[in-house]
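Report on the following structure.
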Amino acid sequence: MGAEALEHANRYFEWAARELELPQEAWVQLLTPYREVRVELNIRMDDGKTGTFIGYRVQHDNSRGPFKGGIRYHPQVDSDEVRALAQLMTWKTALVGIPFGGAKGGIQVDAARLSVAERERLTRALVDKIHDIVGDHTDIPGPDMGTGPREMAWFFDQYAKYHGHRPGVVTGKPVALGGSLGRISATGRGCVELLEALFNRLGESLSGKRVVIQGFGNVGSWAARFLAERGCKIVGISDLGGAYFNSDGIDIAHALEHVERAGSLRGFDGGEPIEAEALLGLDCDVLLPAAVGGVITKEIAKTIRARFVIEGANGPTTPEADEILHERGIQVVPDILANAGGVTVSYFEWVQNLQHFYWEEEQINKELRRILWQAFDRVWEEAKRRRCSLRLAAYVLAIGKVWEATKWRGV
Ligand code: GLU
């Protein structure tokens, strides 16, 4: 699984490196991670037995600032997947212009099968093993799939036992511990801002658009709320519990209530149940994949009927599928732009932590909008100038920036 994700990330890099005519030495320097750590995590399980898990932290690049990136708890986590995701973070932070490099971490675990106490011991065990290589000016973890404010709070607390009160060592914390207002909803909000910027460029309105969302976790559910608020019709949603279609638009508040009660969309009565793959081929204006990577394969790409794809997830589209979508005139807002809202508000959280001065939510949302609209405009103009896809334009801009910083720093 992870090997494919890494191969795909490298391929996207290669397309941009060729477009930029980067020398071979740049390819090697930019692709080679700075540091990779793999750790054994032994914890006491609730039944008294010892559970052994493997944790990872890959620090990809820090030429523009401290390493930054989330920590994922998922059964598919492996060293190659974390390498791929760390690389994406380097391009993402460069593209939106926040002063961080890229990193990613994770634990190979099905967190849903652990008790809260086991998740706490596992998170603290990870900090015990990696606290020496993270820090508020070296490497700043944050949330990702399977983690959230709860895990970030334990991370912060365990780190404090070694290094004292350093809230800036991790972002995505609860507001009560120095987390930022607006962080929870930031990735979903960011997707919606970018869609608004896109339709604005096309002289169209976001209101009235029909949207299909794959994944109803943090990113998908917040995007759904904001899209519904802006007058969109969410005609399809899905999660591990099932996929549902409703041509009149799904009542998002009702879907949220259902998930709150039932733990997933399984048994949802606000739409017609359909096959998971059929969801991706629904007739709509916008398809928003907001689940795992690698879901839009070349076979699926041929069935997509959306006009636009906006990648809430990291790496949802394979390079072969990307080429097919491009040939078919379906524009893709790539992950390093589409889901950059999360790390952008993580940046605001870090700034607030370092300054011990906290902003109002209104200011956070305003700054988020400014950063994302500017990044969108740069990508749009670059794509026009080079007559290329938004993905290639985004990668060209991001990789160009990182290479420039690397060159200035020297060996
Ligand atoms: N996991 C998020 C991403 O993939 C960002 C994590 C962070 O805020 O550092 O962009």
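The structure displayed is predicted, hence computed values, not measured ones. Atoms within a ligand are numbered from 1 in the order they appear, just like the ligands themselves.
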Review point. Can you say whether the rings of H258 and F268 are parallel (under 30°), tilted (30 to 60°) or perpendicular (over 60°)?
Key: perpendicular
Revision key, fill the gap. For G70, the atoms of ligand 1 under 4.0 Å from one of its heavy atoms are 6 (C), 9 (O)
Study note, to complete from the structure: For atom 6 (C) of ligand 1, the closest protein heavy atom turns out to be P143 O, 3.3 Å
Review point. Nearest to atom 10 (O) of ligand 1, what protein heavy atom do you find, and at what distance?
Key: K92 NZ, 2.7 Å
Review point. Using a distance-only test with no angle check, is there a side-chain donor-acceptor pair under 3.5 angstrom linking N339 and E311?
Key: no
Check your understanding: Between the candidates K68, R72, M89, K104, which shows the shortest non-hydrogen contact distance to atom 7 (C) of ligand 1?
Key -> K68
Check your understanding: Numbering the atoms of ligand 1 from 1, which are under 4.0 Å from a heavy atom of G69?
Key -> 9 (O)
Practice item. May I ask you to decide if the ring planes of W359 and F348 are parallel, tilted or perpendicular, using 30° and 60° as cut-offs? Key: tilted
Practice item. Looking only at protein heavy atoms, identify the closest one to atom 8 (O) of ligand 1 and say how far it is in Å. Key: S346 OG, 2.5 Å
Point to revise | Check: E19/W15 side-chain N/O donor and acceptor closer than 3.5 Å | key: no
Exercise for review: Indicate whether any N or O donor in one side chain lies under 3.5 Å from an N or O acceptor in the other, for R72 and T147.
Suggested key: no
**Study point:** Ring geometry between Y159 and F155 (parallel below 30°, tilted from 30 to 60°, perpendicular above 60°)
**Key:** parallel
Check your understanding: Which atoms of ligand 1 sit under 4.0 Å from any heavy atom of D144?
Key -> 1 (N), 2 (C), 4 (O)
Review point. Which part of L88 is near ligand 1, with near meaning a heavy atom under 4.0 Å away: side chain, backbone, both or neither?
Key: neither
